[in-house]
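Notes to accompany the following structure.
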2 protein chains.
Amino acid sequence: MVKQVAERADLLPKLAQLFRSHGYEGTSLAAIAAATGLGKGSLYHFFPRGKPEMAQAVLDETAAWFARAVLGPLRHPGPPRVAIREMCRALEAHHNGGTQICAFALFAADETQTLFAAPLRTHFQQWIEALARVLVLAGRGAAAARTEAFDAVACIQGAIILARAAEDGRVFAGAVARLEARLCV
Amino acid sequence: MVKQVAERADLLPKLAQLFRSHGYEGTSLAAIAAATGLGKGSLYHFFPRGKPEMAQAVLDETAAWFARAVLGPLRHPGPPRVAIREMCRALEAHHNGGTQICAFALFAADETQTLFAAPLRTHFQQWIEALARVLVLAGRGAAAARTEAFDAVACIQGAIILARAAEDGRVFAGAVARLEARLCV
DNA sequence: GTCTATAAAGCGATAGAC
DNA sequence: GTCTATCGCTTTATAGAC
């Protein structure tokens with residue numbers, strides 16, 4: 001067997017894929033070892049506190065990507081429709097055409113929420129607030145912008161659930177397209 | 001210790017509560033035994049095929065309740081706004097003010113989906129179709145009714161995720177109220 | 001119908017060689 | 001930095017007494 005030298009950052013995509021597919025409880029260290037090609041000892045070298053630290057690292061990485069790909073455009077001065085379009089394109093990419101939920105939503109869905117309460121709250125709060133600000137720029141009143149932003153984020157999260165239940169990613173694409181049209185009015 | 005004589009039906013509420021809180025993988029037989037007060041042997045008496053059968057029974061029970069409380073009103077001839085109101089009240093009750101997701105949505109979110117693909121697909125498909133028919137009665141065109149029904153169900157599912165992430169059930173109540181107003185136009 | 005005891009496998013985590 | 005081996009515990013599931 002070839003001895004591989006890995007970096008912590010290299011492991012994150014595979015960790016994210018596992019946690020997003022099987023959830024926190026459903027992802028075992030054996031599965032992580034198999035997917036990464038590393039032994040458990042190596043995994044504990046990179047993540048001394050074990051599975052909770054691995055999941056936290058996935059959330060951190062996802063949050064960093066999200067700040068770059070979604071929050072950045074939403075906060076950048078410019079036409080609202082451009083910001084909204086960038087958000088929608090980033091979401092389509094991140095959710096693989098509606099087949100894959102994101103770790104934040106999956107962890108929020110069950111009691112895993114209690115383990116990562118603070119980052120979960122922050123993630124969705126920042127998203128809704130940033131989108132609401134864009135909607136204000138697009139002409140909405142403050143209160144209407146807040147509720148419309150909430151409903152938009154909710155609709156995205158729910159569309160992933162529905163696309164997965166239907167085993168048909170096209171319904172997610174349709175939902176994103178309608179959302180983009182609705183927000184850009 | 002008192003020897004209790006249980007019925008399978010008595011176990012379902014507690015099973016549902018456990019699966020809805022911890023997910024399929026996160027719910028252990030030990031936790032089920034503790035919550036029901038039964039030994040593992042008794043559990044296998046009621047569910048000879050073990051945990052998968054328990055989860056299936058929860059889905060069956062939930063589907064039966066849903067047919068009664070949501071699909072029934074939606075399919076019953078009568079004013080659309082009444083059907084929609086009954087749906088919304090039933091959802092508020094079932095989701096405990098947005099604090100608890102339903103088993104169908106939770107199982108669809110991760111790879112548990114592969115174990116229960118057929119009932120998950122059927123559940124959301126029936127819901128969307130029944131709601132779309134009501135929206136047609138309320139005056140929408142067929143295509144618009146279909147997409148509006150999809151978005152409504154998605155918004156509900158997503159609102160539960162967001163309410164759990166925010167640890168604030170009021171945002172779910174608000175989402176349901178807006179949904180009801182939107183659908184009743 | 002319920003229980004206890006237990007099997008066999010898997011779990012997260014650790015130790016220590018290289 | 002990676003590995004193998006292993007610990008202690010939990011898991012699902014079964015056996016068999018009552």
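Naming: A, B, ... by sequence-line order, numbering from 1 per chain. Everything numeric here is computed off the predicted structure, so don't read it as measured data.
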- Task: Group every Ile, Leu, Val, Met, Phe, Trp and Tyr by side-chain heavy-atom contacts under 4.5 Å, then state whether A/Leu137 and A/Ile128 land in the same group.
- Result: no
- Message: Just the rounded figure in Å: distance from P of C/dG12 to CD of A/Glu53.
- Response: 15 Å
- Note on the structure: Value for CD1 (B/Ile32) from OG (B/Ser42), rounded to nearest 0.5 Å, stands at 13.0 Å
- Starting at NZ of A/Lys14, measure out to CG of A/Leu18 and round the result to the nearest 0.5 Å. 9.5 Å
- Query: When the ring planes of A/Phe104 and A/His123 are compared, do they come out parallel, tilted or perpendicular, using 30° and 60° as the limits?
  - Reply: parallel
- Task: Applying side-chain contact (heavy atoms from CB on, under 4.5 Å), run through B/Tyr24 and A/Glu25 and close with a yes or a no.
- Result: CA-CA 9 Å; B/Tyr24 182 76; A/Glu25 296 282 355; over 6 Å; no
- Message: Testing the 3.5 Å rule here: is there a donor-acceptor pair between the side chains of A/Gln17 and A/Ser21?
- Response: yes
- When the distance from CZ of A/Phe46 to P of C/dT14 is rounded to whole Å, what number comes out? 17 Å
- Message: Which label fits A/Phe19 and A/Phe107: parallel for a plane angle under 30°, tilted from 30 to 60°, or perpendicular past 60°?
- Response: perpendicular
- How would you label the contact of A/Gly41 with the nucleic acid (heavy atoms, under 4.0 Å): base, sugar-phosphate, or nothing? base
- Give the ring-plane orientation class for B/His94 versus B/Trp65, where under 30° counts as parallel, over 60° as perpendicular and anything between as tilted. parallel
- Message: I want to verify a distance call: between D/dC3, C/dC3, D/dG1, whose nearest atom is closest to the B/Ser42 side chain?
- Response: C/dC3
- N or O in side chain of B/Tyr44 less than 4.0 angstrom from D/dA13 OP1/OP2: yes
- For DNA chain C, determine which residues of residues 9-16 of chain A have any heavy atom closer than 4.0 angstrom to one of its atoms, and list them numerically. none
- Query: What integer distance in Å separates A/Glu25:CD from C/dG12:C1'?
  - Reply: 11 Å
Between the protein and nucleotides 7-11 of chain D, which nitrogen or oxygen pairs come in under 3.5 angstrom?
{"from": "D/dT11", "atom 1": "OP1", "to": "B/Ser28", "atom 2": "OG", "distance (Å)": "3.3"}

- Message: For A/Glu180, run the salt bridge (charged side-chain N to carboxylate O under 4.0 Å, His left out) check against A/Arg81, A/Arg89, A/Arg85 and tell me which one passes.
- Response: A/Arg89
- Take the protein atom CD1 of A/Ile32 and the nucleotide atom C1' of D/dC3, then report the distance between them rounded to whole Å. 18 Å
- Quantify the bending of the helix from C/dG1-D/dC18 to C/dC18-D/dG1 as the angle between its end axes, each fitted on five pairs, to 10°. 0°
- Report whether A/Trp127 and A/Val136 are members of the same hydrophobic cluster (ILVMFWY, side-chain heavy atoms less than 4.5 Å apart, transitive linking). no
- Message: Measuring to OP1 and OP2 of C/dG1, would you say a side-chain N or O of B/His45 lies under 4.0 angstrom away?
- Response: yes
- Note on the structure: Ranking C/dC3, D/dA13, C/dA13 by distance to the side chain of B/Leu38, first place goes to C/dC3
- Task: Report the distance from atom CG of B/Leu43 to atom P of D/dT14, rounded to the nearest whole Å.
- Result: 13 Å
- May I have the distance from B/Arg49 (atom CZ) to D/dT14 (atom P), rounded to whole angstrom? 12 Å
- Checking salt bridge (Lys or Arg N to Asp or Glu O under 4.0 Å) for the pair B/Arg8/B/Glu61: CA distance, chi angles, key distance, verdict? CA-CA 11 Å; B/Arg8 192 180 138 124; B/Glu61 169 90 341; over 6 Å; no
